Structure formats: structure tokens, C-alpha cells
Amino acid sequence: MNYWLVKSEPDVYSWEDLVKDKKTTWDGVRNFQARNNLKAMKKGDLAFFYYSNEGKAIVAMVEISKEAFPDPKDANWVAVEIKPKTLLKNPVSLATIKADKKLATMALVTNSRLSVQPVKPEEFDYILALSEK
DNA sequence: GCCAACGTTGGC
DNA sequence: GCCAACGTTGGC
């Protein structure tokens, strides 16, 4: 089981949209590092759903429901399918993550532009605990 | 193969 | 809305 983090701008595609759609194709990733991460995803893996620009916080958890397949819009790239898992009790903001020494090594902090990134199991658990507060 | 120019992302 | 950081492209 691996853990991930995917970014979305809430005006473009929000958690509410995902809940409404039941599942969605996570495509449009045009970055090699992010593509490699998509390819490494396994069915059943969990990922945080992060709002960039507006919100700047981890708001929910999603599940990978289909492993990497060619991006329907461009076969040189790949997409996965995700479905909603749970909405966090409280969002965990970027400011909180940056301020926490345990999370300072997350790609979200060190490589803020990467749109699909791995999360360590201990980071995943720790953030979940933070969201319960 | 280097690097300048350009485009895009995302925090502020 | 601005701009810094990063990734990609293309000329040499």
C-alpha cells in the first residue's frame, strides 16, 4: 500500500465534484516526475486531495480505483481513476504543514510545483491525526 | 550536451 | 495580479 497526494484547484475540480461524479479520470498530468508517480500507483492506494491556489490545504482522502492507463487526451501520458474516500474532519493547511518540523521534508514543501507526489506512511498517519483535532 | 528563453505553476 | 521557482524546448 502506497500513499500519495494529488493537487487540484477547487474552481477547476473540487471534492464536491468528485463526490457528485462518484469517480473521475485523473488526467492532464504533463510532468515526467508526476507521470512516474501515477505509474507507480496501485489499485486501492490512498491519496490526499489537496487544494492549490484557493484553499491551500489537504481537504480529503481519495482512493485509486484504476491503475495507470494511457491519457485519453494524449497517449504519451498516463491517467489513473480515483474515487472519493473520506472528507477530512478539518482541512490541514499548507501553513500548518510548513510549520511542523515532522512534515518539513514533504514534497509539498520542498517541491511545491509537483502535482502528483508520494507521501510517506508516517506522514500520512500524522496528517490524518492532525485533521482529527 | 549546454544553456538561454520561454511557459506554467502556485504561493503570497 | 505579481513574481519566484521550476520544467521544457530549441538553437547552437
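Residue numbers begin at 1 in each chain, while the letters A, B, ... track the order of the sequences. Quantities reported herein were computed from a predicted structural model and do not represent experimental measurements.
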S.K.: Quick check: do L46(A) and E63(A) have side-chain heavy atoms less than 4.5 Å from each other?
M.R.: yes
S.K.: Taking CG from N31(A) and P from dT8(B), how many angstroms apart are they, rounded to a whole number?
M.R.: 14 Å
S.K.: So do L103(A) and L130(A) actually touch side chain to side chain, heavy atoms under 4.5 Å?
M.R.: yes
S.K.: Give one of base, sugar-phosphate or nothing for Y51(A), where a contact means two heavy atoms less than 4.0 Å apart.
M.R.: nothing
S.K.: Is the ring centre of F32(A) less than 6.0 Å from the ring centre of W77(A)?
M.R.: yes
S.K.: Contacts to DNA chain B from residues 94-107 of chain A, heavy-atom cutoff under 4.0 Å, which residues?
M.R.: L94(A), K98(A)
S.K.: For the residue pair W4(A) / D45(A), report whether a side-chain donor-acceptor contact shorter than 3.5 Å exists.
M.R.: yes
S.K.: Roughly, in whole Å, what's the span from NZ in K7(A) to P in dT8(B)?
M.R.: 17 Å
S.K.: Atom CG of L114(A) to atom P of dG10(B): distance rounded to whole Å?
M.R.: 9 Å
S.K.: Between N2(A) and A40(A), what is the shortest heavy-atom contact and its length?
M.R.: ND2-O, 4.4 Å
S.K.: Indicate, with a heavy-atom threshold strictly under 4.0 Å, whether E9(A) touches base, sugar-phosphate, or nothing.
M.R.: nothing
S.K.: Donor-acceptor pair under 3.5 Å: do we get one between R30(A)'s side chain and the base of dT8(B)?
M.R.: no
S.K.: For Y50(A) and dG10(B), what is the distance between atoms OH and P respectively, to the nearest whole Å?
M.R.: 8 Å
S.K.: F32(A) has an atom CZ; how far is it from atom C1' of dT8(B), in whole Å?
M.R.: 15 Å
S.K.: So, does K56(A) get its side chain near the phosphate of dG10(B), meaning an N or O under 4.0 Å from OP1 or OP2?
M.R.: no
S.K.: Under a 3.5 Å cutoff on both atom distances, Watson-Crick or G-U, what's the dot-bracket for DNA chain C ([ ] crossing, | other strand)?
M.R.: ||||||||||||
